[in-house]
Protein chains: 2
Amino acid sequence: MLEGRGGARAAEPPWWPGAVPAQSRRVLRYPEVLQGVHSGAGEHRGLNGMEKRNRRPSMAEVAQHAGVSHQTVSRVINGFAGVRPQTKERIEAAIAELGYRRNNAARTLVTRRSGLLGVIAAGSFLYGPTSTLAGIEEAARHRSYTTLLATIREGAQQEFENAIGVCLDRAVEAIVVIAAQEDVMRYLSSLSVDVPVIVVGPDPHELPSLATMSVDQNEGARLAVRHLLELGHRRIVLLSGPERWVDAAQRTKGAVEECAAAGVDPVVVHGDWTPASGYRLGREIAERAEPEGALAVFAANDAMALGLLSALHEARVEVPGRVSVVGFDDIPEAEFFTPSLTTVRQDFTELGHRVVEAVMAEVDGQEADLTPVPPTLSRRGSTASACG
Amino acid sequence: MLEGRGGARAAEPPWWPGAVPAQSRRVLRYPEVLQGVHSGAGEHRGLNGMEKRNRRPSMAEVAQHAGVSHQTVSRVINGFAGVRPQTKERIEAAIAELGYRRNNAARTLVTRRSGLLGVIAAGSFLYGPTSTLAGIEEAARHRSYTTLLATIREGAQQEFENAIGVCLDRAVEAIVVIAAQEDVMRYLSSLSVDVPVIVVGPDPHELPSLATMSVDQNEGARLAVRHLLELGHRRIVLLSGPERWVDAAQRTKGAVEECAAAGVDPVVVHGDWTPASGYRLGREIAERAEPEGALAVFAANDAMALGLLSALHEARVEVPGRVSVVGFDDIPEAEFFTPSLTTVRQDFTELGHRVVEAVMAEVDGQEADLTPVPPTLSRRGSTASACG
DNA sequence: ACCACAAATGTTAGCGTTAACAAACAGCGA
DNA sequence: TCGCTGTTTGTTAACGCTAACATTTGTGGT
């Protein structure tokens with residue numbers, strides 16, 4: 001384990017000191033799926049072909065093994081008080097020996113609580129949604145909920161219905177939808193489901209029946225623009241995301257408002273989230289070479305900012321000397337763009353946690369707190385004073 | 001929806017033509033969770049506080065509604081032949097009217113098949129694992145399986161055991177583990193579970209009881225190095241990943257072997273997957289300015305390649321003029337690095353699909369095909385002839 | 001009209017758990 | 001010793017579904 005601090009360790013040979021001999025590794029092998037532990041139930045241990053496994057031991061079997069009734073076993077498993085320590089021990093021993101695991105299907109059937117949280121991830125599997133998903137799963141797990149995942153391609157309403165259907169069929173206690181497009185939201189708000197549904201994404205106006213939660217997009221955009229304004233920029237270009245994405249619209253709105261408050265009139269250019277669209281803007285900027293002063297671009301996400309930087313670099317337009325660039329998201333790579341990218345950071349993990357908190361509150365019949373998560377600004381090397 | 005082709009549309013005002021007025025949006029609103037549709041069962045429709053929902057209608061109720069026995073309803077739902085069309089229609093009408101949904105808990109209880117696939121995502125939530133996850137979910141869905149997600153922080157064995165436990169408690173029919181670190185693998189191979197387990201990740205030697213599947217890392221590395229050799233490079237630096245990651249080791253091995261076959265003696269430098277470690281190597285390369293010829297670096301992932309490019313750019317070392325760089329992964333951003341990155345592409349979606357195929361074969365008692373998925377090379381702007 | 005036979009539908013018995021209640025057992029004062 | 005508490009354990013009945021079998025209904029040949 002020499003990777004340690006990630007330091008680049010130099011090596012010897014020909015034209016470089018101290019080469020490390022690469023250690024050799026062996027060949028791929030055929031799999032082998034082992035079988036269960038519950039020896040008591042007496043089953044075969046097939047190494048390879050894996051014969052159909054025997055029934056898992058039931059509570060009744062554990063009970064018999066421990067010489068008690070199944071109900072007492074149930075009590076132990078569910079941590080009820082009022083079981084003699086000695087009995088409890090006997091039961092726990094039996095459980096361990098038989099490798100017993102509670103049958104959640106049966107439990108769900110009788111308790112009418114599945115302990116399942118459905119998560120529907122719509123569209124892209126980019127950094128943001130993914131981190132949010134991880135945060136959600138983590139928070140759910142801490143509340144002893146298990147996460148059911150369904151992904152859908154963007155724009156496929158049929159798939160969406162199926163996804164909801166899957167969740168409902170599995171009796172999830174709540175559904176979280178990670179989505180940002182307006183059509184998904186519209187569809188969602190027209191939907192009637194008997195469990196709490198919460199959308200992780202910006203709140204679109206005009207859809208009052210929708211519970212949404214997100215990082216405050218408007219505020220994030222304001223943060224970015226305010227930063228540019230403070231640096232003295234007056235010529236600001238807003239590279240927005242596609243209009244069907246609600247967060248794109250909100251970022252644009254926030255940026256425009258912040259500009260307006262400072263008496264600045266920004267130029268709005270539409271991108272599509274991809275680096276390619278940023279790249280195009282970059283070329284355009286480079287072509288209209290304007291020596292009369294500094295320009296600032298607020299790109300609505302880091303990917304577009306990356307394309308923009310790429311184009312500007314190609315055209316030898318100095319960043320941040322001639323053009324300042326601010327991104328949005330703070331993806332892990334942003335710090336290593338050329339130059340490192342000043343960008344708005346969204347704490348997706350925190351968002352995921354809060355979403356679960358909110359949706360669980362709903363499940364418990366309480367009121368959910370849907371306050372947006374505040375963004376922060378990561379100041380780096382792509383922005384500089386306008387009077388540079 | 002003007003984003004369309006993502007073209008950067010220019011605007012008017014002060015110093016730029018044709019600015020687009022940002023449309024205004026409204027305020028956030030309080031949530032509102034709607035209630036079920038099954039009107040027949042007669043329940044309350046709470047708008048906000050959401051009172052405990054009434055029982056969902058059961059098969060028996062549907063049967064009664066349609067004037068048949070519940071078994072006939074079951075037959076219709078499960079698509080059995082031998083139900084008179086007329087009866088079927090009546091039942092389907094009743095189902096629609098009551099908003100009936102099958103209770104999977106009950107179904108699982110009696111059939112002993114949960115239709116659940118457990119996916120454990122270990123460690124990072126980067127592009128690769130995430131795309132694979134999406135592929136797995138998609139493939140599972142197409143086979144009418146539902147995906148259960150559990151994430152764990154790397155190195156946390158306790159969490160790992162819990163994750164397996166969660167899956168087993170939910171009676172998943174198979175488990176897919178997305179992991180690459182040796183310790184996770186070692187733990188896994190010592191584990192005894194009564195359902196098929198397959199690891200998505202490179203196959204470590206010495207753990208014969210482990211079924212693994214991945215993109216062919218060795219071949220990918222060879223592809224990258226072969227490309228460099230074909231360009232005439234003889235001075236090759238391998239920026240590897242951390243040693244505990246099996247794929248890091250395999251990439252290094254493949255690269256070393258390919259070099260050896262060409263009589264080239266590479267320098268191996270250890271990185272840690274982060275752009276930072278690539279950056280460090282970049283500085284080191286820049287400092288030891290060697291005018292005597294071109295250098296080539298094979299970075300074991302795109303993130304490190306990014307850091308490397310960043311450092312080289314900063315130090316005004318020309319890429320690919322003085323140094324050629326190849327990455328690994330082909331993350332979406334790679335195309336827009338400066339310069340665009342030549343890198344090894346892994347088809348994670350395909351990988352996900354194949355993994356599900358394999359694990360489902362196991363479930364059906366058939367033999368799984370664990371052939372690794374072949375990688376391809378994306379040739380871009382970061383590599384050039386050594387004799388440039 | 002009647003029987004034979006197939007097609008369509010109905011009945012019954014679990015699956016493994018929890019909830020609700022019932023019983024047995026201990027301890028304790030009279 | 002008896003009854004009265006409480007504590008600990010056991011019994012029974014769902015939960016909603018499918019599998020297996022039983023029954024009814026329909027169809028065609030005679």
Side-chain angles (χ1 to χ4, degrees), chain A residues 38 40-41 52-92 94-95 98-116 168-171 173, chain B residues 38 41 52-92 94-95 98-116 144 168-171 173:
Chain A
H38 29 107
K52 282 268 142 302
R53 68 161 188 269
N54 294 356
R55 227 173 67 313
R56 288 189 183 162
S58 73
M59 203 173 243
E61 289 172 68
V62 173
Q64 192 180 12
H65 207 83
V68 295
S69 78
H70 65 119
Q71 179 61 3
T72 303
V73 176
S74 173
R75 282 190 262 259
V76 169
I77 286 176
N78 295 308
F80 273 67
V83 176
R84 217 181 324 181
Q86 171 192 355
T87 315
K88 189 176 167 188
E89 255 173 49
R90 251 193 1 259
I91 293 175
E92 277 166 348
I95 289 177
L98 299 180
Y100 169 78
R101 304 208 81 106
R102 153 164 69 199
N103 182 323
N104 255 297
R107 181 186 165 81
T108 297
L109 183 56
V110 63
T111 60
R112 295 156 182 294
R113 300 208 64 179
S114 65
L116 250 28
L168 260 24
D169 281 352
R170 294 282 168 183
E173 294 183 29
Chain B
H38 30 109
K52 281 268 144 298
R53 68 162 188 268
N54 293 358
R55 228 174 65 316
R56 288 190 184 162
S58 73
M59 202 172 244
E61 290 172 68
V62 173
Q64 192 180 12
H65 207 84
V68 296
S69 78
H70 63 120
Q71 181 61 348
T72 303
V73 176
S74 172
R75 282 190 263 257
V76 168
I77 286 176
N78 294 308
F80 274 66
V83 176
R84 216 179 328 180
Q86 171 192 353
T87 315
K88 189 176 167 187
E89 254 173 49
R90 256 201 350 267
I91 293 176
E92 277 166 349
I95 288 177
L98 298 180
Y100 170 78
R101 307 208 79 108
R102 151 164 70 196
N103 181 325
N104 255 297
R107 181 184 164 83
T108 296
L109 183 56
V110 63
T111 60
R112 296 157 182 293
R113 299 209 66 180
S114 64
L116 249 29
S144 314
L168 260 24
D169 281 352
R170 294 284 169 184
E173 294 183 29

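Remark: Gly82(B), Val83(B), Arg84(B), Thr87(B) in residues 80-90 of chain B come within less than 4.0 Å of DNA chain C through at least one heavy atom.
With rounding to whole Å, Arg107(A) atom CZ is found 18 Å from dG16(D) atom C1'. For the pair Leu168(A) CG and dG16(D) C1', the interatomic distance rounds to 17 Å; values are reported in whole Å. Taking atom CD1 of residue Ile91(B) and atom C1' of nucleotide dC17(D), one finds them 15 Å apart after rounding to whole Å.
Residue Ile91(B) holds its CD1 atom at 11.0 Å from CZ of Arg84(B), rounded to the nearest 0.5 Å. Atom CD1 in Ile77(A) sits 11.0 Å away from atom CZ in Arg101(A) (nearest 0.5 Å). Atoms CD1 and CZ, from Ile95(A) and Arg90(A) in turn, are 12.5 Å apart once rounded to the nearest 0.5 Å.
In this structure, the side chain to side chain contact (heavy atoms under 4.5 Å, CB included) partners of Glu92(B), at least two apart in sequence or on a different chain, are Val76(B), Lys88(B). In terms of the side chain to side chain contact (heavy atoms under 4.5 Å, CB included) criterion, residue partners of Ser74(A) (sequence neighbours excluded) are, by chain and number, Met59(A), Gln71(A), Asn78(A).
Boundaries of the chain A contact region on DNA chain C are dG16(C) to dA20(C), first to last in 5' to 3' order (nucleotide atom under 4.0 Å from a heavy atom).
When all heavy atoms are compared, the tightest approach of Thr87(A) to Val68(A) is CG2-CG1, 3.8 Å. Gly115(B) and Arg170(A) make their closest contact through O-NH2, 3.3 Å (heavy atoms, listed as atom of the first residue, atom of the second, distance). Pairing each heavy atom of Ala66(A) with each of Ala94(A), the nearest pair is CB-CB, 4.0 Å. Contact record, Thr72(A) with Val83(A): CG2-CG1, 4.3 Å, taken as the closest heavy-atom pair. Between Ala63(B) and Ser69(B), the shortest heavy-atom distance links the atoms CB-C, 3.5 Å. Here the closest heavy-atom approach between residue Tyr100(A) and residue Asn103(A) is recorded as OH-N, 4.2 Å.
Over its length, the helix from dA1(C)-dT30(D) to dA30(C)-dT1(D) turns its helix axis by 50°, as judged from the five terminal pairs at each end, rounded to 10°.
Residue Asn78(A) is in sugar-phosphate contact alone, with no base atom involved, counting any heavy-atom pair closer than 4.0 Å across all strands shown.
In this structure, the side chains of Arg55(B) and Glu61(B) come closer than 4.5 Å at one or more pairs of heavy atoms. Using a 4.5 Å heavy-atom cutoff, the side chains of Thr108(A) and Leu116(A) are not in contact.
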Protein proximity profile, nucleotides 10-15 of chain D - base contact B, sugar-phosphate-only contact S, no contact -, cut-off 4.0 Å on heavy atoms: BBB--B
